[in-house]
Amino acid sequence: MSDYTLRDRTHNCNSLTSRDAGKEVILIGWVASRRNLGGAVFVDLRDREGITQLVFLQEKEGDLQSRAQQLRYEDVVSVRGTVISRGDKNKTGKIKTGEIEVDVSELNIYSRSEPLPFPIRDDISSTLETRLKYRYLDLRRTSVQKNLIMRSKFVSAIRKYLTGDGFLEIETPYMVKYTPGGARNFLVPSRLNQGQFYALAESPQIYKQLLMVAGMEKYFQIAKCFRDEDPRQDRQLEFTQIDLEMSFADENDIMNLVEAMIIQAFTETGLKFNSVPFQKMEWEQAMSLYGCDKPDTRFGIPHVNLNKFASESGIGILEKAAQNSFLVKGICIPKSASFFSRKKIDELTEFVKKEEIGQAKGLIWLKLGADGAFTGSVAKFLTPEKTEILKNTMSVEVDDTVFIVADETAVTHKVMDNLRRHIAKILNIIPPGSFSALWVTRFPMFEKSSEGQWVSSHHPFTHPVREDLEKLGTEQQGSVKAMAYDLVINGNEVGGGSVRIHDSEIQAKVFKSLGIADEQAQQLFGFLLEAFKYGVPPHAGFAAGLDRLAMIITGAESIRDVIAFPKSVNGADLMTNAPTRVLEKQLQELGIAVNSNPEKE
RNA sequence: GGGGUGGUAGUUAAGAUGGUUAUAACGCCGGCCUGUCACGCCGGAGGCCGCGGGUUCGAGUCCCGUCCACCCCGCCA
């Protein structure tokens with residue numbers, strides 16, 4: 001008896017075929033299943049690559065078979081044995097190694113497993129709560145392992161691409177100076193400086209710009225970022241960005257680089273985009289065609305602006321909407337007239353009225369019949385002339401269904417965006433396994449906060465487009481566009497970036513436009529402004545959400561499925577029970593008092 | 001902060017209008033079995049029905065509160 005190590009292992013559990021028959025092999029893994037037939041015992045041995053069947057027959061010398069009979073789920077063992085063909089009668093296509101089995105001559109048990117909290121099988125799912133509590137067991141399931149393996153391959157392709165292109169991988173601090181604005185920060189108390197706090201970095205933004213000042217030219221980092229905001233299906237408190245920055249670069253340099261990098265990483269992961277090069281679209285066009293800045297371009301159904309038609313349509317509510325400068329938009333769903341029964345349309349009407357969908361007041365629908373006339377909620381108001389105009393404006397054909405929403409601009413956009421995606425889903429028109437990428441460019445530089453203040457849409461170091469520079473600080477400030485770009489894949493914002501300001505005059509103008517006084521700017525970003533005095537190269541960068549990319553390439557439904565140890569929706573680690581209270585002594589060292597609620601234990 | 005769904009053996013679930021001893025499957029324990037691959041067959045153990053109140057002769061079931069998980073809005077690039 002000997003304890004084998006990985007060096008002794010001759011094959012993984014996914015590699016043996018009938019061509020290996022007769023070989024003596026050593027395998028190491030977990031007992032995935034045991035089938036005890038009395039005279040013959042079959043054991044499925046599992047490692048991260050796959051499963052191989054072991055067989056223990058009665059004729060074997062010693063107590064080998066009785067020891068095999070005592071094996072239980074998830075015992076960790078190594079075996080030495082001979083590969084034998086199962087023959088046509090006993091082979092199976094269910095596993096890749098189904099042609100063979102290993103006739104075991106030596107069995108070593110490294111450790112035994114107690115009965116499991118839940119079965120480790122892909123076809124039986126447990127509740128998420130239990131799975132997260134025993135995450136290390138959940139991670140043994142091949143479906144989750146597959147995701148992490150794919151993510152690893154993806155990251156290594158990214159690294160390979162960027163280092164091959166002359167990028168330096170440089171780490172930046174996670175514990176940084178707190179700056180207001182943007183996401184809520186996690187705070188880290190300082191023992192050496194009682195009463196003072198670091199912030200956990202929301203992103204390496206400022207440091208990477210300083211690396212450009214430092215002359216690094218091309219920087220990247222696979223960086224953890226921390227944001228104290230409510231987690232969602234695609235958001236965690238801590239997540240990972242592929243962060244990069246390049247000197248002497250303009251928008252197209254960055255987009256070309258990132259595009260090539262993403263395509264390369266997809267290719268190495270065995271995935272392909274529907275069309276290359278990626279489509280580019282200005283923000284305004286995206287809003288007009290899709291009502292959102294991250295449209296899913298795997299399918300069509302664009303929005304059509306109907307304000308002109310509405311204003312002279314003869315339909316009371318539409319004419320009134322147009323007079324009130326509401327936004328009137330329609331979508332045409334081809335060959336769907338029979339699909340949209342009265343019941344389905346009523347359901348859609350309820351759908352668009354929901355608050356989270358945008359709270360439209362109603363949904364106008366029309367179906368074009370074989371006779372060339374519309375039927376539907378407002379059909380009776382349509383003259384033959386107006387019918388023709390609508391048909392032409394929206395390219396409506398027989399058996400198509402048209403949906404129209406007229407409301408305040410933001411509401412119409414939000415509702416029509418949701419409606420377009422919802423209809424694509426219920427009509428099942430999104431081809432599975434397809435990937436469609438889109439660059440959205442020329443984002444607005446500013447937006448109004450809820451308090452009516454101008455705030456940066458991206459961040460205050462984003463460069464405005466040249467032709468809008470004179471609009472800064474004027475009435476037209478809202479229409480200033482930024483040299484900013486987002487990468488959208490399948491309707492997910494997977495990353496974004498911008499050209500940064502390197503001219504102190506422009507930077508001063510932008511701060512002024514945001515109502516940030518000089519001394520305030522000094523206080524917040526003084527070190528950056530100071531650095532920029534000593535020779536700053538023009539630079540631009542990009543940051544991609546690695547977790548979202550991993551979700552897309554694996555088809556995962558939740559960000560938790562591509563993170564080894566994710567947190568719950570309340571930010572808890574259910575396995576370790578973090579966060580926890582700490583000792584009074586620890587708090588004293590930090591100079592912190594907690595307004596605690598001891599009964600709440 | 002707001003809205004929704006769920007919580008019953010180790011696990012996954014069933015438990016109409018409140019009514020005897022709370023079911024099933026898998027797992028676990030014991031026995032049988034030489035071609036299984038979700039092996040099969042026989043037997044057994046296993047429960048604070050999330051937690052705390054309340055209504056009732058009687059609560060897994062009804063009411064109130066609370067905790068946890070998940071989804072959405074707000075928030076978040």
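Naming convention: chains lettered A, B, ... in sequence-line order (proteins, then strands); numbering from 1 in each chain. Keep in mind that the numbers below use all heavy atoms, side chains included, and drop hydrogens, waters and symmetry copies.
If you find the closest nucleotide of RNA chain B to Leu132(A) and to Pro115(A), the one lying nearer the 5' end belongs to Pro115(A).
Considering OG of Ser143(A) and CG of Asp561(A), their distance stands at 8.0 Å, rounded to 0.5 Å.
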Check: Tell me, for nucleotides 72-77 of chain B in 5' to 3' order, what letter each nucleotide earns: B for a base near a protein heavy atom under 4.0 Å, S for only sugar-phosphate near one, - for neither?
Finding: SBBBBB

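Between Arg141(A) atom CZ and U11(B) atom P the separation is 15 Å, expressed in whole Å. The distance from atom CD of Glu74(A) to atom C1' of C28(B) is 15 Å, rounded to the nearest whole Å. For Ile559(A) and C71(B), the CD1 to C1' distance is 15 Å, given to the nearest whole Å. Going from atom CZ of Arg72(A) over to atom C1' of G30(B) covers 11 Å, rounded to whole Å. Atom CG of Leu574(A) is separated from atom P of C67(B) by 16 Å (rounded to the nearest Å). Atom C1' of nucleotide A69(B) and atom CG of Asn577(A) are separated by 14 Å, given to the nearest angstrom. Separating the CD atom of Glu350(A) from the C1' atom of G3(B) is a distance of 16 Å, rounded to the nearest angstrom. Per the geometry, CZ belonging to Arg135(A) stands 14 Å off C1' belonging to A69(B), to the nearest Å.
Nucleotide A45(B) is shown with an anti base, its glycosidic torsion being more than 90° from 0.
Between G60(B) and G47(B), the two C1' atoms lie 11 Å apart (nearest whole Å). Distance noted for atom C1' between G52(B) and C28(B): 33 Å (whole Å).
The side-chain heavy atoms of Ile426(A) and Phe351(A), taken from C-beta on, include no pair separated by under 4.5 Å. Contact check for Leu257(A) versus Leu244(A): side-chain heavy atoms found under the 4.5 Å cut-off.
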Look for any protein N or O under 3.5 Å of an N or O in nucleotides 35-40 of chain B and output each such pair with its distance, or none.
residue, atom, partner, partner atom, Å
G35(B), O2', Asn90(A), OD1, 2.9
G35(B), N1, Glu101(A), OE2, 2.8
G35(B), N2, Glu101(A), OE1, 2.7
G35(B), N2, Glu101(A), OE2, 2.8
U36(B), O2, Arg35(A), NE, 2.7
U36(B), O2, Arg35(A), NH2, 3.4
U36(B), N3, Gln53(A), OE1, 3.0
U36(B), N3, Gln53(A), NE2, 3.1
U36(B), O4, Gln53(A), NE2, 2.9
U36(B), O4, Arg86(A), NH1, 3.0
C37(B), O4', Arg35(A), NE, 2.9
C37(B), O2, Gln53(A), OE1, 3.3
C37(B), O2, Arg86(A), NH1, 3.3
C37(B), N3, Arg86(A), NH1, 2.7
C37(B), N4, Asn90(A), O, 2.7
A38(B), OP1, Lys94(A), NZ, 2.7
A38(B), OP2, Lys94(A), NZ, 3.0
C39(B), OP2, Ser33(A), OG, 3.1
C39(B), OP2, Arg35(A), NH1, 3.1
C39(B), N4, Asn36(A), O, 2.3

What are the atom names and distances for every N/O pair under 3.5 Å that joins the protein to nucleotides 5-10 of chain B?
residue, atom, partner, partner atom, Å
G10(B), O2', Pro117(A), O, 3.2

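Residues passing the side chain to side chain donor-acceptor pair (under 3.5 Å) test with Thr130(A) are Thr127(A), sequence neighbours excluded. Legend: residues meeting side chain to side chain donor-acceptor pair (under 3.5 Å) with Ser113(A), ordered by chain and number and at least two apart, are absent.
Residues Glu447(A) and Ser457(A) have side chains that bring a donor and an acceptor to within less than 3.5 angstrom of each other. Of the N and O atoms on the side chains of Thr172(A) and Gln221(A), at least one donor lies less than 3.5 Å from an acceptor on the other residue. For Asp243(A) and Tyr219(A), the side-chain atoms include at least one donor-acceptor pair closer than 3.5 Å.
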Note to self: Test salt bridge (charged side-chain N to carboxylate O under 4.0 Å, His left out) on Arg184(A) and Glu229(A); report intermediate values, then the result.
What the structure shows: CA-CA 6 Å; Arg184(A) 201 175 284 126; Glu229(A) 301 291 350; 3.3 Å; yes

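For residues 33-46 of chain A, the pairs satisfying side-chain hydrogen bond (donor to acceptor under 3.5 Å, both in side chains) are Ser33(A)-Arg35(A), Arg35(A)-Asp44(A), Arg35(A)-Gln53(A), Asn36(A)-Gln69(A), Arg46(A)-Glu74(A), with sequence neighbours left out.
Within the structure, every side-chain polar atom (N or O) of Ser126(A) is placed at least 4.0 Å from both OP1 and OP2 of U11(B).
Between Gly291(A) and Asp417(A), the shortest heavy-atom distance links the atoms O-CB, 4.0 Å.
Partner Asp407(A) forms a side chain to side chain donor-acceptor pair (under 3.5 Å) with one of Lys414(A), Gln359(A), His413(A), Lys361(A) and no other, that one being Lys361(A).
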